[in-house]
Structure formats: C-alpha cells, structure tokens
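Here the structure is laid out as structure tokens; the discussion comes afterwards.
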Amino acid sequence: MAAKSYKDVALQYAQDVTAGKIICGKEVLLACIRFSKDCKRDDLELRTKEPDFVIGIIERIMVHKQGEALDGTPLTNTPLLLQPWQIFIVYNLLGFYYRGTNVRRYKEAFIFIPRKNGKTLFVAALAFGLALLERRSGAKIYIVAASLDQACQSFEDILYTLRYRQMIEDFRVRDNNAEHSIKCEFEDEDGQPSGSIEMRALASNPDAQDSFNCNIAIADEVHAFKKAAQYNRFKEAGKAYTNKLMIGITTAGDDINSFCYRRLDYAVKVVTETVKDDSLFVFVSRADTDDKGNCDFTSAIQQQKANPSYGVTIRPSDIMNDALQAQNDPQQRKDFLSRSMNIYTSAMKAWFDIEEFRASDQKYNWKLQELAKLGIDWYGGADLSRLYDLTAAALYGKYNDVDIIITHAFFPVVMAARKADEDNIPLFGWKDDGWLTMCNSPTVNISDIVHWFITMRRMGFRIRQVGHDRKFAGEEYFPAMRKAGFKIVDQPQYYYLKSQGFRHIEKAAKDGKLYYLHSDAYEYCVSNVRAIEKTDDAVQYEKIQPEHRIDLFDASVFACVRMLDGAAKQKNLNEWF
C-alpha cells in the first residue's frame with residue numbers, strides 16, 4: 001500500500017547518528033549501532049513490507065488534531081509526517097524477522113522520550129497502523145495508561161482522524177463512560193471474512209485485567225505506574241500470539257524506586273550490551289550526565305540530545321528559556337530535568353542525591369573476602385522489624401579514610417510476594433543478588449540475623465560492637481547475640497543520637513569516600529530517606545512514603561554511631577595516657 005520504501009530513511013538516520021551528524025544522547029547512538037549490527041546478522045533479515053505498510057497508513061491517513069508548526073502555521077487537519085527517528089523506531093519494531101521464518105525479532109519495546117516530542121499522537125498513529133497490519137490475525141490493540149484520561153488522549157486522536165477522513169461509518173465506535181473502543185470487520189472481494197481489528201483505551205488496573213487477550217499493547221506514561229503488575233498484565237496478555245508486541249513509552253519521573261526506573265535501568269543494560277535480550281528494542285533519548293549525575297541543562301547541545309524532535313515540535317528558544325528559569329528557580333529544576341531533559345530525579349522530598357552515593361561507591365571495588373582481610377575494626381547495627389517486615393543488619397568500618405558499609409536484609413518468605421507487589425519492593429531481586437535472606441517462617445527469624453553476624457565474624461571481620469534499639473529487639477535477639485559472644489549496645493532511636501551517624505554518612509558520600517559494595521538494596525533505602533533539620537545541625541529523618549523502606553540505611557546509621565563512639569573513646573584513652 002505504501003508508495004515508497006522508508007528503509008533508506010531508517011538506514012540514513014542510523015548512519016547520520018553514528019557519524020555524529022545528528023546530535024543525540026549516548027543511548028540513541030548505541031541503538032543506532034545496534035541496528036547497523038543487526039542488519040549484518042546472518043540469522044536476521046530486514047523486511048520492508050510490514051514497516052512500509054504501517055508508516056504508509058500513518059502518513060496517508062492520520063492527521064493532526066491540534067498544534068502549530070514552529071512558524072505558527074496551524075497543523076490541524078494536516079497529515080502526520082513521521083520524523084526520521086520515528087521511522088527508525090517503526091522499522092526496528094516491524095522490520096526484523098528471523099531468517100526463513102515469519103517470526104518477528106522484537107516482542108517488546110521501551111521508548112523513553114521527553115514531553116512535547118509528539119509522543120501521544122505517535123502512540124495513536126502506531127496503534128492504528130499496527131491494528132490494520134495485524135487485521136488477519138484478529139488484531140486486538142490496547143492503549144493503556146495509569147489513568148483513563150491519559151489513555152483516551154491517543155484514542156481520541158484516532159477518532160478525530162476517522163471522522164476527518166469520513167471513515168467513521170466503517171467502524172463501530174463506543175465512546176462512553178463504560179467503554180472506549182473501535183471495532184471493524186473486514187471482508188475480501190468475495191464477501192468472506194478477512195480479518196478484524198479492535199482497539200481499546202484502558203486504565204491499567206492489574207486487579208481487574210487478568211483475563212484480557214491481545215496481540216499488541218501500548219503502555220503510555222509508564223512512569224506513573226505504581227506497580228509492575230500494571231505493565232506485566234498486558235505483556236502476558238499476548239502469550240497466545242507469535243508476533244505479539246508490548247510497547248512501553250514514557251517520560252522520566254521523580255521516583256527512582258518505581259517500576260519504570262528499574263525498567264529504564266534494564267533497557268540501558270540491554271543497549272549497552274551489559275545483558276543480552278534479543279527481544280527488547282530500546283530507544284532511550286535523554287541528556288548526558290557526568291559521574292555525579294549532574295546535567296548541564298542550560299546547554300543547547302544537551303537539550304538537543306534529550307529531545308529527538310528538537311527544532312520540529314520543540315522550540316529551541318522556549319526550552320532554553322525554561323532551562324534558565326530552572327537554573328534561577330530551584331523549585332522548577334526537578335520538573336524541567338525530568339520532563340524536558342528526561343533525567344530521572346529522586347523524589348521531591350528525598351534528602352540525599354542518590355547519584356552522589358553511586359559516584360562515590362563506583363570508585364571502589366573491594367570484594368567481601370578482601371574486606372575481611374583488611375585487619376580493621378568493624379561495628380555492627382541492626383534494625384529489627386516487629387513481626388514480618390524488612391529487617392536489616394549492617395557492618396561499618398573505615399580503611400584509609402574510606403567509610404565502608406556492608407548491609408544485609410531479611411524478610412519472611414510467607415509475606416514476601418505480597419509485600420513485593422503491594423509496596424513495589426524488589427525483594428526477590430535482592431535475594432538473587434545476595435543482599436537478602438528469605439526467612440523460612442511467618443515472621444522474621446532472629447536466628448538468621450545472629451547467624452549473619454557469626455558468618456561475617458568467621459570470615460575474618462573483627463566486630464567490636466553491635467548497636468540496636470532494645471525496644472524492637474524482642475526477647476530472643478539480645479540473649480542470642482550475647483550467647484554468640486558479641487558486645488551489644490542498647491542504642492535508642494532518638495534523632496539527636498542518630499544524627500551524628502546520619503551526617504557522617506552524608507559527608508562521606510559527598511566527599512567520594514563511601515563504599516557500600518554496589519548494593520542496589522542499600523541504594524533503594526537511601527533514596528527513600530527524607531529529613532528535617534533541627535537545632536544545632538541535628539537531623540530527624542524518616543521514610544518518604546509509608547510503603548517505602550529505609551531499614552538498611554537505618555542499620556548503617558546504628559553501626560556508624562557505634563564506630564564514631566568507639567573512635568572517640570579510643571582517642572580519649574590515648575590522650576589520657
């Protein structure tokens with residue numbers, strides 16, 4: 001149906017990006033390098049029929065519902081002409097097949113672009129084109145978002161086009177409070193059924209969407225999803241189809257403990273070839289950051305790197321003006337970074353800049369066995385849960401001015417699946433990475449915590465003291481630790497006592513002298529801390545949201561206070577002699 005092949009456009013885009021003729025971020029560059037490599041693979045072939053069909057449908061039928069060109073010309077009712085980066089995406093998704101088969105290579109996509117780059121209309125156009133492409137398979141397309149209003153934006157773009165093109169009579173449309181759907185039955189020249197399409201706009205509700213069946217789902221604004229299940233239910237809905245496709249398309253948010261951020265992290269690992277996933281297409285467009293996570297957001301180059309539609313839908317003067325406002329008004333900065341530069345920021349109430357912690361941690365690479373042989377004093381801390389919540393243990397040591405934190409978490413296996421889903425905590429990922437022990441009991445098993453300290457001591461860690469709050473220790477922990485030969489110190493959770501450890505850890509991170517063995521679990525807890533400054537520079541801290549956890553950080557503060565107290569006593573003793 002398409003009048004021309006768009007293959008040359010996709011190839012030229014990849015070549016121009018690789019040659020530096022198109023300014024873009026490093027992940028887009030890697031996506032283009034990956035595309036060029038894939039074109040040379042013996043087991044893949046790049047077909048033109050399917051992507052040309054979809055792009056042709058989009059450019060021949062879809063129109064703009066609203067908007068203006070950069071010169072102020074109204075765009076309403078004008079054809080939607082895809083930009084090279086959008087054609088590149090469609091060609092990747094639909095063009096690659098395993099050689100000699102009708103099996104498409106990509107089953108999933110993660111598309112990460114800032115606001116105002118034409119994302120919503122692109123989602124609508126892509127959904128419509130894919131529906132017609134897969135009509136012979138009885139295409140079912142779901143456009144989903146965290147809110148129904150967001151999902152309906154793309155749905156309404158499709159309806160507007162059908163009305164403008166006077167095609168609406170060929171479709172059965174339901175657009176009311178109960179349902180937002182478009183359906184059509186197709187017949188061949190002999191009047192025989194030749195396929196059908198059904199498109200629906202839905203709010204992603206994992207509790208009510210277990211039985212859906214579709215071959216293509218597009219999840220819009222994934223950063224607003226509260227649970228992984230909101231995405232995974234639709235991903236699983238395509239299992240009956242060989243050429244299923246799940247597309248997540250989103251802008252950055254401000255919660256680095258969200259499903260979207262972890263999905264972004266995985267996508268970056270795929271495109272950087274840290275992990276291999278041949279079924280996931282990745283297009284991550286964002287500004288570059290330095291080792292500490294800082295972004296030069298007032299740079300026109302960085303603004304162009306983040307926004308693939310820079311100079312088309314993004315007005316250079318407008319985004320520069322917004323950047324200068326963000327520079328001069330800190331309360332605007334995080335929104336500008338996440339929405340316009342596509343840089344994930346920590347939650348607005350978070351005290352720490354997690355990128356400072358990461359930058360410091362990445363400087364060092366001691367293994368656990370190497371740390372055990374350093375011959376230094378270690379101090380322990382434990383944050384014990386009441387019944388079946390997260391429990392944490394930590395060791396704190398100092399070597400050559402570097403503060404070292406070793407943490408371990410505990411959670412009862414009976415409650416793990418429920419809490420991981422309800423509170424969006426990656427417990428099973430931590431278990432797989434060795435940061436967490438699943439206790440084989442309905443509540444946290446105190447003997448598991450004691451055993452961890454014993455194991456660390458046997459490895460060679462010279463543990464001087466272990467601090468904890470007796471109020472939460474119960475009747476088992478205290479005598480069990482004493483019986484094991486540990487010197488334990490009752491350490492009440494008064495903020496003025498914990499503040500010293502809090503400030504010490506904060507300074508070590510800022511100075512680049514903090515190492516926590518690259519623990520994702522510890523980073524999760526650090527990013528959930530919010531704090532209020534009291535008198536005399538003291539800090540009172542707590543978790544940002546009730547469903548968040550800070551227990552590993554809390555345990556490290558306990559251990560740090562014990563270390564500082566031990567160092568102060570040793571100094572006084574030396575001065576006395």
Side-chain angles (χ1 to χ4, degrees), residues 24-28 110-120 122-123 145-147 150 153 219-226 230-231 248-268 282-310 313-316 318-359 424 523-524 526-530 544-545 548:
C24 64
K26 56 186 177 182
E27 286 87 9
V28 172
F110 185 81
I111 302 170
F112 190 67
I113 52 178
R115 293 278 178 88
K116 307 307 177 185
N117 279 270
K119 175 176 62 64
T120 301
F122 181 51
V123 166
S147 69
Q150 179 63 40
Q153 288 186 30
D220 195 12
E221 299 293 9
V222 179
H223 76 271
F225 286 15
K226 301 298 184 184
Q230 292 176 272
Y231 178 92
I249 185 165
T250 187
T251 302
D254 57 12
D255 184 1
I256 63 172
N257 291 313
S258 64
F259 163 76
C260 183
Y261 182 81
R262 288 194 287 275
R263 197 65 190 160
L264 169 64
D265 186 54
Y266 178 75
V268 170
V282 175
F283 190 88
V284 172
S285 184
R286 59 180 178 178
D288 294 336
T289 57
D290 60 21
D291 292 339
K292 293 186 176 181
N294 298 316
C295 172
D296 184 7
F297 57 87
T298 60
S299 164
I301 296 295
Q302 294 301 328
Q303 294 165 9
Q304 193 168 351
K305 283 185 176 182
N307 294 275
S309 294
Y310 186 87
T313 63
I314 301 295
R315 291 164 172 78
D318 286 355
I319 193 171
M320 181 59 76
N321 182 63
D322 291 344
L324 295 176
Q325 285 192 18
Q327 183 183 40
N328 297 323
D329 186 358
Q331 66 182 348
Q332 302 291 331
R333 195 169 302 157
K334 285 192 174 183
D335 274 346
F336 180 78
L337 285 171
S338 62
R339 304 301 189 258
S340 296
M341 304 301 283
N342 227 17
I343 300 296
Y344 244 96
T345 59
S346 56
M348 296 295 288
K349 298 178 182 178
W351 179 270
F352 296 115
D353 181 353
I354 193 61
E355 295 302 330
E356 287 184 343
F357 277 73
R358 287 176 178 156
N424 198 24
E523 288 180 357
Y524 166 89
V526 168
S527 63
N528 286 332
V529 174
R530 74 171 177 184
I544 295 172
Q545 298 290 344
H548 291 166

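Positions are given from 1 along the sequence.
Side-chain atoms of His223 come within 3.5 Å of backbone atoms of Thr251 as a donor-acceptor pair (strictly under, hydrogens ignored). In terms of modelled atom types and a separation under 3.5 Å, the side chain of Arg286 and the main chain of Met341 share no donor-acceptor contact. With Gln230 contributing its side chain and Lys226 its backbone, the two residues share a donor-acceptor pair below 3.5 Å. A donor-acceptor pair under 3.5 Å is formed between the side chain of Ser285 and the backbone N or O of Ala306. Panel note: side chain Ser340, backbone Leu337; no donor-acceptor pair is recorded below 3.5 Å.
Every pair passing salt bridge (Lys or Arg N to Asp or Glu O under 4.0 Å) that includes a residue from residues 297-307 is listed here, sequence neighbours excluded: Asp288-Lys305.
Between the OH atom in Tyr261 and the CD1 atom in Ile354 there is a gap of 8.5 Å [rounded to 0.5 Å]. With rounding to the nearest 0.5 angstrom, the CD1 atom of Ile113 is 9.0 Å from the CG atom of Asn307. Atoms CG and CD1, on Asn117 and Ile111 in that order, are 12.5 Å from each other to the nearest 0.5 Å. Summarising the geometry, atom CZ belonging to Arg333 is positioned 11.5 Å from atom SG belonging to Cys295; distances are rounded to the nearest 0.5 Å.
By the salt bridge (Lys or Arg N to Asp or Glu O under 4.0 Å) test, Asp318 is found to be paired with no residue, residues two or more places apart in sequence or in another chain being considered. For the salt bridge (Lys or Arg N to Asp or Glu O under 4.0 Å) test, residues two or more places apart in sequence or in another chain that qualify with Arg263 are Glu108. Among residues two or more places apart in sequence or in another chain, the side chain to side chain donor-acceptor pair (under 3.5 Å) test is passed with Ser309 by Gln83, Trp85. Listed by chain and number, the residues in a salt bridge (Lys or Arg N to Asp or Glu O under 4.0 Å) with Lys116 amount to none (sequence neighbours excluded). Every side-chain contact (heavy atoms from CB on, under 4.5 Å) that Ala145 has, sequence neighbours left out, goes to Gln150, Ala151, Asp220. The side chain to side chain donor-acceptor pair (under 3.5 Å) check on Glu523 picks up Arg358, Tyr516, with sequence neighbours excluded. Every salt bridge (Lys or Arg N to Asp or Glu O under 4.0 Å) that Arg115 has, sequence neighbours left out, goes to Glu221. Under the ring pair (Phe, Tyr, Trp, His ring centres under 6.0 Å) criterion, Phe225 pairs with no residue at all, not counting sequence neighbours. Residues meeting the side chain to side chain donor-acceptor pair (under 3.5 Å) test with Asn321, sequence neighbours left out: none. Partners of Asn528 by side chain to side chain donor-acceptor pair (under 3.5 Å), not counting sequence neighbours, listed by chain and number: Asn257, His548.
Between Tyr231 and Ala219, the shortest heavy-atom distance links the atoms CD1-CB, 4.2 Å. Closest of all the heavy-atom pairs between Pro316 and Ile319 is O-CG2, 3.3 Å.
Side-chain contact between Glu355 and Ile343: absent, with no pair of heavy atoms (C-beta onward) separated by less than 4.5 Å. A 4.5 Å side-chain heavy-atom check between Gln302 and Phe297 finds every atom pair outside the cut-off. Annotation: side chain of Phe112 is not in contact with side chain of Val222 (no heavy-atom distance under 4.5 Å).
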For a quick test of your reading: what N or O donor-acceptor pairs under 3.5 Å do the side chains of residues 322-329 make, sequence neighbours left out?
{"from": "Asn328", "atom 1": "ND2", "to": "Leu324", "atom 2": "O", "distance (Å)": "3.0"}
{"from": "Asp329", "atom 1": "OD1", "to": "Gln331", "atom 2": "N", "distance (Å)": "3.3"}
{"from": "Asp329", "atom 1": "OD2", "to": "Gln331", "atom 2": "NE2", "distance (Å)": "3.2"}

